[in-house]
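Keep in mind that the numbers below use all heavy atoms, side chains included, and drop hydrogens, waters and symmetry copies. Chain letters run A, B, ... following the sequence lines, proteins first, then strands; residues in each count from 1.
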2 protein chains.
Amino acid sequence: MPATSQTDGGEVRTPRERARAQTIADIIRLGRQHLAEHGAAALSLRAVARDLGVVSSAVYRYVGSRDELLTLLLVDAYNDLGDAVEAAVGSVPAEESRGRFAALARAVRGWALREPARYGLLFGSPVPGYQAPAERTTAPGTRVVNSLVQILDTAHRAGRLAERGPSVLPAPLAADLEAIRHELGAEVPGALLARGTLVWTSLFGAVSFEVFGQYGAGTFSAPDELFEHHIAVLADLAGL
Amino acid sequence: MPATSQTDGGEVRTPRERARAQTIADIIRLGRQHLAEHGAAALSLRAVARDLGVVSSAVYRYVGSRDELLTLLLVDAYNDLGDAVEAAVGSVPAEESRGRFAALARAVRGWALREPARYGLLFGSPVPGYQAPAERTTAPGTRVVNSLVQILDTAHRAGRLAERGPSVLPAPLAADLEAIRHELGAEVPGALLARGTLVWTSLFGAVSFEVFGQYGAGTFSAPDELFEHHIAVLADLAGL
DNA sequence: TTATTTCAAGAGCAGTGCTCTCATTTACTG
DNA sequence: CAGTAAATGAGAGCACTGCTCTTGAAATAA
């Protein structure tokens with residue numbers, strides 16, 4: 001291991017390392033472009049190399065494998081979505097829990113419609129033979145659901161989260177939810193957290209149907225209104 | 001066009017055509033196998049040809065392209081799911097609408113967990129560059145949602161579908177739902193049909209999260225109980 | 001300056017979808 | 001029955017993929 005110059009604060013070192021970081025950034029940028037245009041399964045390392053003006057074996061100096069590039073793009077997409085959602089949520093006052101939830105939902109849908117291929121990489125069928133490394137994807141992959149839990153928790157702490165329906169949960173499920181609550185430092189009772197889980201998956205179910213074209217072509221001419229309706233019902237369901 | 005022997009009733013003709021039909025059936029069977037084992041994007045016509053004991057170009061006498069094989073498998077999977085759902089729904093008395101809905105939901109989840117790769121083909125990210133021909137996939141692809149609408153409609157006709165919440169819908173959405181109602185010959189009011197749409201997408205959202213591993217690994221140790229909870233909440237939401 | 005590491009290029013392997021040609025087998029017809 | 005037309009399978013080939021290995025050149029460190 002070389003001594004490395006001592007002037008850096010942890011990021012930039014030798015000019016060679018700067019060039020290397022730049023090349024990796026270029027590869028991610030081009031990969032994101034290919035991903036957006038042709039989809040995840042069609043992502044080709046050779047094509048990225050061509051766009052980079054370099055022979056295919058050269059990019060193996062930087063990424064190691066196609067799967068590793070996929071992981072980089074996965075994290076990149078998770079963070080992009082997380083940024084969009086957190087910005088949208090943050091633009092609504094914290095007391096307006098229902099408004100924050102609506103902003104979160106609209107941000108997810110908007111990003112998904114803007115980036116269908118990247119959304120498909122995150123929430124579609126798993127790429128065959130590819131298993132995302134949990135240690136690198138868990139943190140960015142939980143930003144949206146963390147936002148949602150925080151909205152629920154804030155509302156609950158303010159006494160504005162309605163108790164709905166019977167709160168009897170089977171013991172194993174209650175235990176799972178207790179563990180989640182503990183890990184996130186939330187105070188939301190289990191029954192509401194269970195409903196929150198359903199709201200969470202329902203949101204992505206609605207978005208996936210629209211983005212993946214599961215509604216028949218031309219079935220809904222007013223998708224915006226449909227989604228706003230869903231937001232209202234889901235907010236009620238969550239107790240907001 | 002050859003005269004074709006006149007003994008048939010519309011299905012089996014010459015021995016050659018029987019052999020041809022058999023070969024196509026074998027290709028679909030092997031394709032389904034590969035699909036289940038390696039996923040949609042990894043489906044290889046050459047591999048199917050190898051298993052069939054034939055050279056790759058020979059398979060092109062029967063299927064035309066990889067995309068056409070994908071379409072065959074898509075229809076095959078839609079029908080398999082449709083069979084499972086309709087059988088499950090049919091095993092519950094028609095008056096028990098809530099029970100029929102639960103049976104439908106459990107059938108979808110069960111089939112999806114049994115056939116994750118085929119489920120992914122139907123409800124996951126679209127295969128890049130492949131567009132399913134609507135005229136061949138629409139009918140089998142709507143069997144599940146048709147079942148759901150029929151359950152809601154039966155309950156409504158029996159006066160057992162609760163009106164929930166305000167029924168004010170924006171005009172464009174109301175028009176879309178009116179068109180759907182007309183096409184399916186249903187009587188369910190628009191507001192309940194809108195909720196039914198959300199229930200529909202929410203069901204598949206919950207199933208997709210579980211099948212695609214979107215819940216963190218080990219987050220839910222009791223997925224059955226979680227899903228049963230979701231069924232109950234969704235049934236309430238639908239008004240059942 | 002010398003030695004070491006880093007890098008890009010090229011060849012090559014095994015796989016893919018798909019097209020084309022060619023010989024053979026099957027089926028229909030005069 | 002003989003002849004013709006259609007269907008079939010094999011094989012070669014093209015362009016593409018991920019990935020490995022070797023080779024020569026360039027940048028860096030000693």
Seminar exercise, completed: Once base and sugar-phosphate atoms are separated, protein heavy atoms under 4.0 Å mark nucleotides 17-22 of chain D, 5' to 3', with B, S and - as BBBBBB
What's touching nucleotides 23-26 of chain C from the protein side, N or O pairs under 3.5 Å?
from   : atom 1 : to      : atom 2 : distance (Å)
C:dT26 : O2     : B:Arg16 : NH1    : 3.3

Within this structure, what is the [atom1]-to-[atom2] distance between [X] and [N], rounded to whole angstrom?
X       : N      : atom1 : atom2 : value
A:Arg18 : D:dA27 : CZ    : P     : 15 Å
A:Glu17 : C:dT5  : CD    : C1'   : 12 Å
A:Leu52 : C:dA8  : CG    : P     : 8 Å

Just jot down the ring pair (Phe, Tyr, Trp, His ring centres under 6.0 Å) partners of [X], sequence neighbours excluded, or say none.
X        : value
A:His34  : A:His38
B:Tyr78  : none
A:Phe101 : none
B:Tyr62  : none

Exercise. Quick check, are the ring centers of B:Phe209 and A:Phe204 under 6.0 angstrom apart?
Worked result: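 Distance test on ring centres: under 6.0 Å, yes.
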Exercise. Hey, does the side chain of A:Tyr62 come within less than 4.0 Å of C:dT6's phosphate (OP1/OP2), counting only N and O?
Worked result: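 For C:dT6, neither OP1 nor OP2 has a side-chain N or O of A:Tyr62 closer than 4.0 Å.
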Problem set entry | Residue list, salt bridge (Lys or Arg N to Asp or Glu O under 4.0 Å) with A:Arg66, at least two apart or on another chain |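 So A:Arg66 forms no salt bridge (Lys or Arg N to Asp or Glu O under 4.0 Å) with any residue.
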Exercise. Under the salt bridge (Lys or Arg N to Asp or Glu O under 4.0 Å) test, which residues partner B:Glu86, sequence neighbours left out?
Worked result: B:Arg143
For this session: Mind checking A:Val55 for me? I need base, sugar-phosphate or nothing, with any heavy atom below 4.0 Å counting as a touch.
Result: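 Counting heavy atoms under 4.0 Å across all strands, the contact made by A:Val55 includes a base.
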For this session: Taking side-chain contact (heavy atoms from CB on, under 4.5 Å) as the test, write out the residues that go with B:Arg106, two or more places apart.
Result: B:Ala102, B:Glu228, B:Ile231
